[in-house]
Amino acid sequence: MRLPLLLIFILIFSICNAAGKVIKSPRPGFYISVEDFTDRSNHEFIVDSKDSVNIIFEQFFSSELALGKVDRPITIFNGKRNFYIARVTISEKPNGELSFRHLKYPNVYEKRAKLTPAVF
């Protein structure tokens, strides 16, 4: 008699406990790091959309240049600021903080040993 009640209690407890945990799937985003050498400050941002990236870029650089498509990590250094941007995978920790993982990019350069010499 007690065994079925115990099993029902464990089943209800596991269902209620699982409903309280919300697991968000990883999503694409951008990681931005800005080192400002004029006031010696560091800024780090994790954003979801390209519009947010453009707003942050315009905040630190007053120019007519626009940040184009980000395929690989980009570093811009103009003597006053070091601006780094990379595409990442954003995930949310159980306590609500955002974390990220860098994407793995294929190697652009071939190994020199794999290249065949040119014959003229």
Side-chain angles (χ1 to χ4, degrees):
M1 182 73 174
R2 291 184 183 185
L3 185 61
L5 288 176
L6 181 64
L7 290 175
I8 292 172
F9 177 71
I10 291 173
L11 180 66
I12 291 172
F13 181 72
S14 65
I15 290 172
C16 292
N17 196 12
K21 294 181 182 179
V22 177
I23 299 173
K24 295 193 176 185
S25 62
R27 59 191 187 273
F30 299 93
Y31 168 74
I32 302 170
S33 173
V34 181
E35 293 177 282
D36 193 350
F37 296 113
T38 58
D39 60 357
R40 296 183 180 180
S41 63
N42 293 328
H43 308 278
E44 291 185 345
F45 306 96
I46 300 174
V47 295
D48 291 333
S49 67
K50 182 74 168 140
D51 295 333
S52 301
V53 172
N54 287 331
I55 290 170
I56 294 169
F57 184 75
E58 291 170 2
Q59 179 183 354
F60 288 102
F61 295 102
S62 56
S63 68
E64 296 181 10
L65 296 176
L67 195 60
K69 185 177 178 184
V70 179
D71 288 336
R72 297 187 173 275
I74 299 171
T75 301
I76 301 170
F77 179 67
N78 68 353
K80 295 181 182 179
R81 291 177 187 92
N82 188 14
F83 185 85
Y84 173 80
I85 179 172
R87 289 179 46 215
V88 296
T89 302
I90 299 173
S91 59
E92 192 169 338
K93 294 181 181 177
N95 61 359
E97 292 181 11
L98 292 178
S99 64
F100 65 93
R101 191 177 65 216
H102 285 282
L103 298 179
K104 298 209 183 273
Y105 297 100
N107 193 0
V108 179
Y109 305 104
E110 293 184 54
K111 301 280 185 201
R112 189 148 180 89
K114 292 183 180 178
L115 297 176
T116 57
V119 178
F120 294 103

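Quick caveat, the model's predicted, so the values are computed rather than measured.
With sequence neighbours excluded, the residues forming a side chain to side chain donor-acceptor pair (under 3.5 Å) with Asn82 are Glu35, listed by chain and number. Pro73 meets the side-chain contact (heavy atoms from CB on, under 4.5 Å) test with Tyr84, Ala86, Tyr105; sequence neighbours excluded. Judged as a salt bridge (charged side-chain N to carboxylate O under 4.0 Å, His left out), and not counting sequence neighbours, the contacts of Arg81 are Asp36. Taking Asn54 as the reference, nothing meets the side chain to side chain donor-acceptor pair (under 3.5 Å) condition, with sequence neighbours excluded. Listed by chain and residue number, Tyr31 satisfy the side chain to side chain donor-acceptor pair (under 3.5 Å) test with Glu44 (two or more places apart in sequence, or in another chain). Here His102 pairs with nothing under the side chain to side chain donor-acceptor pair (under 3.5 Å) rule; sequence neighbours left out. Phe83 meets the ring pair (Phe, Tyr, Trp, His ring centres under 6.0 Å) test with Phe57, Phe61; sequence neighbours excluded. Partners of Glu97 by side-chain contact (heavy atoms from CB on, under 4.5 Å), not counting sequence neighbours, listed by chain and number: Lys93, Asn95.
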Decide yes or no on side chain to side chain donor-acceptor pair (under 3.5 Å) for Asp51 and Ser49, but give the supporting numbers first. CA-CA 5 Å; Asp51 295 333; Ser49 67; 5.0 Å; no

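In terms of heavy atoms, Thr89 sits closest to Pro26 at CG2-CB, 3.5 Å. Arg87 and Leu103 get closest at one heavy-atom pair: O-CG, 3.6 Å. Across every non-hydrogen atom of Ile90 and Gly29, the tightest pair is CD1-CA, 3.6 Å.
Alongside Ile55, the hydrophobic cluster contains no other residue (criterion: ILVMFWY side chains under 4.5 Å).
Taken together through direct or relayed side-chain contacts under 4.5 Å among Ile, Leu, Val, Met, Phe, Trp and Tyr, Ile85 and Phe100 form parts of separate hydrophobic clusters. A single hydrophobic cluster is not seen to contain both Val70 and Phe77; linkage of ILVMFWY side chains at heavy-atom distances under 4.5 Å, directly or through other members, places them apart. Following chains of ILVMFWY side-chain contacts shorter than 4.5 Å, one cannot reach Val34 starting from Phe37, and the two form parts of different hydrophobic clusters. When the side chains of ILVMFWY residues are joined at heavy-atom separations under 4.5 Å, either directly or via intervening members, Ile32 and Val88 end up in two distinct hydrophobic clusters.
Atom CZ of Phe30 sits about 10.5 Å away from atom CD1 of Ile56, to the nearest 0.5 Å.
For NZ of Lys80, the number of neighbouring non-hydrogen atoms (other residues, nucleotides, ligands) closer than 6.0 Å is 12 at most.
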